[in-house]
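Have a look at the structure below before the remarks.
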2 protein chains.
Amino acid sequence: MDSRFTNPAAPPWLPFESRRRARDEKREAVLRTAVQLFLEQGYHRVTLNEVAERLNITKPALYNYFRGKDEILFECWSMGAELVDSVIAEIDAGGGSGIVKLRKLVHAYAEVMAIDFGASIVRFDVRDLTNRNARIARAAKKRIDATFRAYITAGIADGSIKRCDAKLAAFAIAGSLNWIGHWYQRDGALSPGEIADEFTVRLTEGLAAKPAQGHTTTKTAPVARTATREARRKATGKKRGGASR
Amino acid sequence: MDSRFTNPAAPPWLPFESRRRARDEKREAVLRTAVQLFLEQGYHRVTLNEVAERLNITKPALYNYFRGKDEILFECWSMGAELVDSVIAEIDAGGGSGIVKLRKLVHAYAEVMAIDFGASIVRFDVRDLTNRNARIARAAKKRIDATFRAYITAGIADGSIKRCDAKLAAFAIAGSLNWIGHWYQRDGALSPGEIADEFTVRLTEGLAAKPAQGHTTTKTAPVARTATREARRKATGKKRGGASR
DNA sequence: GCGATATGTTACCCGTGGGTAATAAAAAGT
DNA sequence: ACTTTTTATTACCCACGGGTAACATATCGC
């Protein structure tokens, strides 16, 4: 079997092979490679030469797809943010009490942390981004935190969650989940599913008004990329933010 | 009142003032300044010139106290690790069931995360250290994690904590606490004490076998620097690790 | 007071790595 | 088949910042 299909980050530029794949595929291939390297070694220790080398191209070729290193970082980050956004959108679309929504969020968020792009949300340093992009990133993080808080507040209101400081409870839960992004590794003993299941009960058992009503088999559909990205992709190659940098 | 006494990181090199303070005081002043800058801007964005400037000296002067930037980083990290070590030592010295020890640890650890040196344990990237120091750092982190796990295991054994996966429970709790180091800020709405109190109940209420026996007023003495550092300080200026770098 | 040691300073080196021409070679359009 | 556009390459620039050498000046033991 061709390793290009088994290796998640295999580059479409295999030497001496047809290079006629679509631009977007290549762009994403860059991001997949970059996010791996960034997580592995840390943004500052990864050189663009290194990224390019893994893709069987050279550094300047990257500039056909991105305006600079920091934009690659931001796009990786963005991919992760979209994962979370789609998760939240789906939960909001569905119904349920506060505690049910919270449990869904905890479960799905835990799984996102086990994905490279997902982990990048919490492991990348927003200070490495341009001012403009940093603001976007911070706003997104704030929205995510607000969602945790909203579900808890809703749960207290509808009686499914017992009285507590929603702000601190959200911090505690989100912190615990974010930390997964720092210790999880694919080849570890725990699968993303196991981690998500365990964290779902562990992080909410103290909050539930009732001792926990049987197993929460209300699984969210496996995280998938949405189409929201499509639109923005077309804007590539245009000017970068004004007051940034 | 002289700002030197109110500002926590005021340098002892005030211009045109007597510079005859002890070497160790200056060394620590460097660390206090460095840790602040590192947390504020991130290790890679802080230049040694900048550190020196804040201390009213010049870059090469720093090399009288440290062998290089990474050693400064490690020593900052080390200060934090000692805070945790002393906390654990104190708890181990005292008695109590598993849940009591765990609560003490959670409370004290939360407070450590609100201290610059404490936050540095979780916010600095071990990959910025030399191989030798990175090993030391990783080992220390492992010991801390093992302590959380040990208290939980002990609690399950003595019946004060209900059955659960000790490994994942420890990850959940430690993650939540570590995350404090990422969001806490001195000028925020929450005081370290409030955070510690809230986290102590929030993170252990789900684990306790009994619904929580009144307020846990078993406060650990405020975190203080131990004397263990004294010995090592004397070794300064000697050769650095062999296979490192 | 006087040499030895500790602690600074100024001036410099140089490796690193992001970013940019200038240019070649495919792909695509017509 | 030809031009045009896209995509990649080779060769280079240069700012930045960690680290060092050579030198100046306190401080201290005696």
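Lettering follows sequence order; numbering is per chain, from 1.
Listed nucleotides: D:dT7, C:dA21, C:dG19. Nearest to the side chain of A:Pro60: C:dA21. For B:Ile57, counting side-chain heavy atoms from C-beta on, the closest listed nucleotide (D:dT9, C:dT7, C:dT9) is C:dT9. Of the candidate nucleotides C:dT20, D:dT7, C:dT7, C:dT7 has the atom nearest to the side chain of B:Asn64. Residue A:Lys69 places its side chain closer to C:dG18 than to any other of C:dG18, C:dA11, D:dA8. When the nucleotides C:dT9, C:dT7, D:dT20 are ranked by their closest atom to the side chain of B:Tyr63, D:dT20 comes out on top.
The interatomic distance linking B:Leu62 (CG) with D:dG17 (P) rounds to 15 Å, in whole Å. Taking atom CZ on B:Phe38 and atom P on D:dG17, their separation rounds to 13 Å, with Å as the unit. Atom NZ of A:Lys59 and atom P of D:dT9 are 13 Å apart (whole Å).
Applying the salt bridge (Lys or Arg N to Asp or Glu O under 4.0 Å) test to B:Glu53 and every residue at least two apart in sequence or in another chain returns nothing. Partners of B:Asp92 under the salt bridge (Lys or Arg N to Asp or Glu O under 4.0 Å) rule, at least two apart in sequence or in another chain, do not exist in this structure. For B:Arg149, the salt bridge (Lys or Arg N to Asp or Glu O under 4.0 Å) test picks out B:Asp145, with sequence neighbours left out. Residues passing the salt bridge (Lys or Arg N to Asp or Glu O under 4.0 Å) test with B:Asp125, sequence neighbours excluded: A:Arg45, B:Arg127. Partners of A:Phe38 under the ring-ring contact (aromatic ring centres under 6.0 Å, His included) rule, at least two apart in sequence or in another chain, are A:Tyr43, A:Phe124.
Between B:His182 and A:His182, the two ring planes are tilted [angle within 30° to 60°].
At the phosphate of C:dT9, OP1 or OP2 sits under 4.0 Å from a side-chain N or O atom of B:Thr58. Phosphate contact (OP1/OP2 of C:dG17, side-chain N/O of A:Tyr43, threshold under 4.0 Å): absent. Between B:Arg23 and the phosphate of C:dA6, there is no side-chain N or O to OP1/OP2 separation shorter than 4.0 Å.
DNA chain C is contacted by no residue of residues 45-53 of chain B, taking any non-hydrogen atom closer than 4.0 Å.
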